[in-house]
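To start, the structure under review is shown below, and the notes come after it.
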Amino acid sequence: MGFDDLYTYVVNSFAKSVYDLISGSCSKVSFDDVVSYVEEPSRREYGDLALPLHRLSKVCGIGFNEFLRLVSGLRLNDLFSRSEVVGGYLNAFFDEVNYARALSDLIKSRGERYGFVDDARKLKVIIEFVSANPVHPLHIGSGRNAVLGDFLSRVFEVRGHRVQRRYYVNDLGRQVAVLVYGYIKLGRPEVPNGLKPDEWFGFLYAVTNTIVDIVRLRGELSSLGIGDDAYLTKQSELDELMGVLSELRLKDESLVNRLLEEISADEDPEGSIEELMRMYEEGRPEVKEVFRYVAGKVLSGINSTLSRLGISFDKLDWESDLVFSGMVKEVLEIAKRSDFFTSHKGAPALDFSKIQRDQSVKSLLKLPKSIEIPPLILMRSDGTTLYVTKDIAYSLMKFRDFNADLVINVVGNEQTLAQAQLRLALYTLGFKDEASKLLHYSYELVTLPGIKMSGRRGRYVSVDQVLDGLEVRVEEIMKSRGIVVEDRVKKAIAVGAFKYMMLSSSSTKVINFDPDAALNLNRNSAPYLQYTYARASSVLRKYGRDIEWDLIDFTSARNPVRREILHLVSKFPYIVRKVYEDLDPELLTTYLNRLADVFNSWYDVEPIIHEVDEGVKQFKLFLTYSVGVVIKNGLYVMGIDVLERI
RNA sequence: GGGCCCGUAGCUCAGCCAGGAUAGAGCGCCGGCCUUCGGAGCCGGAGGUCCCGGGUUCAAAUCCCGGCGGGCCCGCCA
């Protein structure tokens, strides 16, 4: 049969049969409408597919009883055994024997590629993700970004598209300048032996930031009268920062003290930092060298964390290169010629007030329903550029470089407004097409119970720490069973558990990261799926030969649990398509978990390779193989490795 | 003040966009199953004002309006 998605095929053929019956008397309903009404019954005893008839008859404007008469002539193809009307629903049942045969043909021909179906049109897609500032290690929030971005990349790839993964290095912002400032004050030492560079620089960054703030607060206090409200507020702020500094001292007292001394000697630390930013942006070689050195070191640390996760990038794009290459200047020139160009308090800006209420623009750019978008300042008065201006240049570069059909930015929900401004800016600069092809894939933060995370204060849980904890946990579990776990296996399980956690809840929801819950390796987790795969794989390995597809006795499908496995397995290509269309990873985790549950229940009650009837045995092997392939391919999309043995 | 997101079992979350049958999982809790292919498993049980109030509908966790609670954003920061 010429399809690679059996489930979608039967849904369509069910809908087609109904549509053919009613289209004569009902012109208001299209075939696609009928398809969209098809649902899965809440319980299997109601069938495999169902149509709510009240709804259809209503849309058609036909009385319910008359509608029933119309539908009573329903004839379905041989993938169905029967249909019936119950409680206002038209329920259809798969003929499990024919259905199993069709599925086995499909899986036999698709093999290990089952579920991955190319789209008709091949797109070139750029996915920008992580893009964490190179000032500290990846924390779990960036970890969520990394896992989501890699997931998106994989979804597009398995649908046959060309994907480029990119990381935007924000080296021109204040953050890197602060770190560089502290690094210079410290006398530009080497990273101490044995420390991960991102970890050490992250510490230095937090110390520098905190001290700079302390020095500033002290200055402000000295100009205020004791007892003022403002004085008290600042005093308590200062107290808090001193507390942070004592925390940081615990890690490396001499470094903190040295830095405190050096920075206190600087009359204007903030000014020095701004001076550094300016010099870097001008491209002064001696300054550029330090910035690149520091950012590069931190990036190398971030990169090793990412490679633990099995995530890599095709390109690193340095923000500073956009300025050095003149692209940012180019954007400013184009902006000056734009009808939307304005001067906002003396600074060059774009004013969106004319078009932001335009419905066609709003829907083209997918702008938030009702949002007041303030003017976008393009350049500081001192001539240095701003983040968003550089982001405009960067967006154009992405489209030009790769001739991309779609650019996805995986960026936190807190930047919704900035991302909307970016699309509007592109639009008003005349890049309407690019603006419409830019997608903000938004996600929520990861919070920790009881802790307010802050990179500036050195309070965060890093991805490395979480992975380390997970690896220890895996080792403990194995040890308690008297098994010495292979390093490779331990890592795959830890990484899987982490990714699953990040992908199993909707990206619009805050993840309350509970370290203890993260260590759970039971059901509804990647380790559970990996375990189930290893189980299936082990059965096939014990059998030791290829499946004899021609010997399969398909009448064995007449059994509720086996039938349910068939139903679920057949749904996999449809699920992958849905995940691709909606870009919702949690659909996949829910589905895979359900499949594993059913398989494990079945596994527990029926022998597979000890089955005496050869035809039945081949059928069971076919089920086992199919479940294995689906779990493997499903986990692949999530970036999780399966294991043949655990 | 305005905007965006979230609110479903003690806890963590699917389901909501495209309304439909008795609202589903996991953790935790209670009770069973280790001489058969891998017990990270299986079987059973308790546990719900789907935040609240209106509205639309034959039908609302789902759509609309108004509240409440939590998070975030509204900068010549990124």
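Chain naming here is simple, since letters A, B, ... match the order of the sequence lines and numbering starts at 1 in each.
The listed nucleotides are B:rA14, B:rC37, B:rA78; the one nearest the side chain of A:Glu319 is B:rA78. You'll find that the side chain of A:Lys578 is closest to B:rC17, out of B:rC17, B:rG38, B:rC13. Out of B:rC42, B:rA78, B:rC17, the shortest distance to the side chain of A:Leu386 is found at B:rA78. Residue A:Ser505 has its side chain nearest to B:rA14 when only B:rA14, B:rA78, B:rG41 are considered. Side chain of A:Asn520, nearest nucleotide from B:rA21, B:rC27, B:rA25: B:rC27. Closest to the side chain of A:Arg380, out of B:rC27, B:rC73, B:rA78, is B:rA78. When distances run from any side-chain atom of A:Pro607 to the nucleotides B:rA25, B:rA14, B:rC37, the shortest one goes to B:rC37. Here B:rG39 is the nucleotide among B:rA40, B:rG39, B:rC76 with the atom lying nearest to any side-chain atom of A:Tyr603. Distances from the side chain of A:Lys58 to the nucleotides B:rA14, B:rC58, B:rA25 place B:rC58 closest. With B:rC5, B:rC37, B:rG15 as the candidates, the nucleotide lying closest to the side chain of A:Glu444 is B:rC5.
Using a 4.0 Å cut-off, no side-chain N or O of A:Lys509 falls inside it from OP1 or OP2 of B:rG71. Applying the 4.0 Å criterion to OP1 and OP2 of B:rC42, one finds that A:Tyr528 has a side-chain N or O inside that range. Neither OP1 nor OP2 of B:rG24 sits under 4.0 Å from any side-chain N or O of A:Arg594. Applying the 4.0 Å criterion to OP1 and OP2 of B:rC42, one finds that A:Arg523 has a side-chain N or O inside that range.
Using a 30° and 60° split on the angle between ring planes, A:Phe31 and A:Tyr19 fall in the perpendicular class, above 60°.
Nucleotide B:rC74 holds its C1' atom 12 Å from the CD atom of A:Gln356, rounded to whole Å. In this structure, A:Glu39 places its CD atom 15 Å from P of B:rA23, rounding to the nearest Å. As a whole-Å value, the separation of A:Leu53 CG from B:rA21 P is 14 Å.
Within the nucleic acid shown, A:Glu606 comes within 4.0 Å of at least one base atom, counting heavy atoms only. The residue A:Thr508 sits close only to the backbone: its heavy atoms come under 4.0 Å of sugar-phosphate atoms, none of a base. Within 4.0 Å of A:Glu274, counting heavy atoms only, lies no atom of the nucleic acid at all. Contact annotation for A:Ser538: base contact, defined as any heavy-atom pair under 4.0 Å involving a base atom. Within the nucleic acid shown, A:Ala50 comes within 4.0 Å of at least one base atom, counting heavy atoms only. Here A:Asn512 lies in heavy-atom contact (under 4.0 Å) with sugar-phosphate atoms only. Note on A:Asn133: only backbone sugar-phosphate atoms sit closer than 4.0 angstrom, heavy atoms only; bases stay farther off. Using a 4.0 Å heavy-atom distance criterion, A:Ile493 is classed as a base contact. Residue contacts shown for A:Ile646 include a base, since a base heavy atom lies under 4.0 Å away.
Looking at A:His440, its side chain does come within 3.5 Å of a backbone N or O of A:Val411 through a donor-acceptor pair.
Side-chain polar atoms of A:Asp213 and A:Thr210 form no donor-acceptor pair below 3.5 angstrom. Side-chain atoms of A:Asn600 and A:Tyr528 form a donor-acceptor pair, as typed in the model, at a separation below 3.5 Å.
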A:Glu611 and A:Phe619: CA distance, side-chain angles, deciding distance, side-chain contact (heavy atoms from CB on, under 4.5 Å) verdict: CA-CA 10 Å; A:Glu611 167 63 51; A:Phe619 176 84; over 6 Å; no
Assess whether side-chain contact (heavy atoms from CB on, under 4.5 Å) is satisfied between A:Phe14 and A:Val38, documenting all intermediate values. CA-CA 8 Å; A:Phe14 177 49; A:Val38 174; 4.0 Å; yes
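Each of A:Thr590 and A:Pro52 was assigned the nucleotide of RNA chain B with the nearest heavy atom; the assignment lying further toward the 5' end belongs to A:Thr590.
In B:rC13 the O4'-C1'-N dihedral to the base is more than 90° from 0, which defines an anti nucleotide.
A salt bridge does not link A:Lys632 to A:Glu644: none of the charged side-chain nitrogens sits closer than 4.0 Å to a carboxylate oxygen. Taking a cutoff of 4.0 Å between a charged side-chain nitrogen and a carboxylate oxygen, A:Arg55 and A:Glu39 do not qualify as a salt bridge. Taking 4.0 Å as the cut-off between side-chain N and carboxylate O, A:Arg278 and A:Glu275 count as a salt-bridged pair.
Within residues 529-537 of chain A, the residues having any heavy atom under 4.0 Å from RNA chain B are, by residue number, A:Tyr531, A:Ala534, A:Arg535.
Across all strands shown, B:rC4 pairs with B:rG71; the Watson-Crick or G-U wobble distances both stay below 3.5 Å.
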